[in-house]
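Remarks on the structure that follows.
Heavy-atom basis, side chains included; hydrogens, waters and symmetry copies ignored. What you are looking at is a predicted structure, and each value in this text was computed from that prediction instead of being measured.
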Amino acid sequence: MPITQLELARRLRNARKACHITQAKAARALGIPRSAVSQMETGQRGVSGLELHQLAQLYQRDVRDFLEDRFEETNPVTAMFRAHPELRGSPAAMQSLRRCGEFHRELVNLHEVLGVHGRLATIPAYSLPTPKSKWNAVQQGRAAAEDERRRLDLGIAPLPDVTDLLGAQGISTALVDMTDEISGLTLIGSGGNVLVAANQFHHILRRRFSFAHEYAHVLLDRERRAILSRTEDRSSLMEVRANAYAAAFLMPAEGVRSYVAALSKGQPSRPRADTFDGEAATRVEGRVVARTQDLELHDVVRMAHHFGVSCAAMLYRLKGLEFLTEDERSRLAEQDGAGHAKALRAFLGLPEPDSSGGQERVRARFLALAFEAYVRGKITRRKLDELGCLVDLEGLSERLEAAGIGEECGDADEEFGGH
């Protein structure tokens, strides 16, 4: 049943307010007076199809949200704005969130036109009680990581590309320009479509950790539709749990212990054993050469490369597993900060992680969906180019046609293809 002009006005007003956008800003986006926006929101003025499309983009909505029988007052992005009202004072942070929301919305649209449904129901949810302390949060995160590794049959080996792993679970990934204090975020749509994003400006190894961290939120904090991971929140119990999960997921305890053992290190300086003769035991002690059991920076560099993490992450994991004291971790961290780890990687012939490769892998998955929708005639050429710009690739349709692909495609009508 078509909605009334008054109902459309109400929906537009609520959507604008949920995003904390003023009528003046909406008017500037449309190129009309503010009074015209006010009239739209009171039902005194009609809304053209182009204006509705522009407002939907501004409010991080699908055009159909405003036209269907049921209107959802909040979506993941507006939920995030409400959960973090302090971000309203940071235009850069707000822009990052809106860009993530736009990416998520377009992914949902592509999945829908291609008949690819959200797979959230197939991803396990670890129903854990709210942690009572940071130690409890760490224990929960570690246990969940071990359970998930078993479920995915990963053993103790290093993880493959984390975005590939998440993609196999039906989780979309994105690299988005974010302010430095934001490492990543998770958006969960009502239809089961999940997007986890990492900060494009961060180092590839930090992004890898961020994707594992956001995966923890999908598994452990699913009741929240939108989760923002920020530096200032790292001490919260939810973030502590997600960080513990990411560390244990990327660097499994038994895998780390096995690697240290293979180095013939990590044993006590005075190993002890008891022999039993049937009645009593005799304590036997041995000695090892001083410092031969100490882990040094070159060991940490190799281990970090093996598990695909930064030296800093590896040092904290080794400390957590009691292979290092805090003093030892601090000493090795200073050496890392002085550039010694980079020099050792070069000396050992270990390649530097390729940040561009991570960006291309994430972008390729999104473009594959866009290409498929285009060649099926589900979206227009104009829409394809809009999607390309979303991942910083202009003139996408021309690039396709230059490659001999899609010359007769993209014949969907503009109204459908433009959403």
Side-chain angles (χ1 to χ4, degrees), residues 1-82 84-85 87-110 112-113 176-177 187 379-392 394-397 410 412-419:
M1 177 183 299
I3 64 170
T4 66
Q5 185 165 311
L6 280 175
E7 175 58 18
L8 177 59
R10 185 190 71 83
R11 294 180 179 188
L12 288 172
R13 182 174 63 252
N14 290 348
R16 176 182 59 77
K17 289 183 176 180
C19 291
H20 304 288
I21 292 174
T22 64
Q23 286 186 340
K25 182 172 182 179
R28 287 195 297 272
L30 296 179
I32 60 176
R34 189 198 65 77
S35 59
V37 173
S38 177
Q39 291 170 348
M40 284 181 184
E41 294 185 353
T42 57
Q44 299 175 44
R45 179 188 184 281
V47 185
S48 71
L50 177 59
E51 289 172 335
L52 186 60
H53 176 69
Q54 290 173 321
L55 289 173
Q57 287 188 316
L58 182 63
Y59 302 156
Q60 302 303 318
R61 296 276 188 165
D62 190 295
V63 171
R64 291 166 296 181
D65 287 353
F66 297 105
L67 303 176
E68 293 178 346
D69 291 341
R70 182 181 177 184
F71 179 67
E72 195 172 6
E73 296 292 339
T74 61
N75 61 15
V77 176
T78 57
M80 190 171 291
F81 287 155
R82 289 184 177 182
H84 299 280
L87 293 177
R88 297 174 206 167
S90 172
M94 294 286 281
Q95 180 60 27
S96 296
L97 299 186
R98 290 196 176 101
R99 187 170 177 83
C100 288
E102 183 179 2
F103 198 93
H104 183 242
R105 176 168 53 82
E106 296 296 357
L107 277 168
V108 171
N109 288 339
L110 287 171
E112 184 167 321
V113 300
V176 178
D177 295 354
L187 299 177
I379 61 174
T380 63
R381 177 190 179 110
R382 185 185 70 184
K383 186 63 181 180
L384 179 66
D385 287 335
E386 287 180 9
L387 296 176
C389 289
L390 195 58
V391 289
D392 302 319
E394 297 184 358
L396 189 54
S397 60
D413 63 75
E414 287 295 319
E415 181 179 356
F416 181 74
H419 71 258

Let me confirm one number: the [atom1]-[atom2] distance from [X] to [Y], rounded to the nearest 0.5 Å.
{"X": "Phe66", "Y": "Leu55", "atom1": "CZ", "atom2": "CG", "result": "7.0 Å"}
{"X": "Glu102", "Y": "Leu390", "atom1": "CD", "atom2": "CG", "result": "5.0 Å"}
{"X": "Ile379", "Y": "Asn109", "atom1": "CD1", "atom2": "CG", "result": "10.0 Å"}

key: By ring pair (Phe, Tyr, Trp, His ring centres under 6.0 Å) - contacts of Phe103 (at least two apart)   = Phe366
For [X] versus [Y], what's the shortest heavy-atom pair and its separation?
{"X": "Ala29", "Y": "Leu58", "value": "CB-CD2, 4.0 Å"}
{"X": "Lys383", "Y": "Glu106", "value": "NZ-OE2, 2.8 Å"}
{"X": "Arg99", "Y": "Asp392", "value": "NH2-OD1, 3.6 Å"}
{"X": "Ala9", "Y": "Gly43", "value": "CB-N, 3.5 Å"}

With sequence neighbours excluded, residues passing side chain to side chain contact (heavy atoms under 4.5 Å, CB included) with [X]:
{"X": "Ser397", "answer": "Tyr374, Arg381, Leu384, Asp385"}
{"X": "Val47", "answer": "Leu8, Leu12, Met40, Glu51, Leu52"}
{"X": "Ala92", "answer": "Ser90, Thr179"}

ask   = Can you list the residues that meet the side chain to side chain donor-acceptor pair (under 3.5 Å) rule with Thr22, with sequence neighbours excluded?
value = none
inquiry  = Please enumerate all residues that pass side chain to side chain donor-acceptor pair (under 3.5 Å) together with Glu7, with sequence neighbours excluded.
reply    = Arg10, Arg11
query = So Val108 and His104, side chain to side chain contact (heavy atoms under 4.5 Å, CB included) or not? Walk me through it.
reply = CA-CA 6 Å; Val108 171; His104 183 242; 4.0 Å; yes
request  = Measure from the side-chain N and O atoms of Glu394 to the backbone N and O of Cys389, and report whether any donor-acceptor pair falls under 3.5 Å.
outcome  = no
message = Applying side chain to side chain contact (heavy atoms under 4.5 Å, CB included) to Leu387 and Leu110, what does each step give before you reach the verdict?
response = CA-CA 10 Å; Leu387 296 176; Leu110 287 171; 4.0 Å; yes
key: From CA spacing to verdict: side chain to side chain contact (heavy atoms under 4.5 Å, CB included), Thr42, Leu6   = CA-CA 7 Å; Thr42 57; Leu6 280 175; over 6 Å; no
key: Summary of side-chain hydrogen bond (donor to acceptor under 3.5 Å, both in side chains) pairs that have at least one residue in residues 25-40, sequence neighbours excluded   = Gln23-Arg34
Residues that Glu112 engages under salt bridge (charged side-chain N to carboxylate O under 4.0 Å, His left out), provided they are two or more places apart = Arg64
inquiry  = So, using salt bridge (charged side-chain N to carboxylate O under 4.0 Å, His left out) as the criterion, who are the partners of Arg13 when residues are at least two apart?
reply    = none
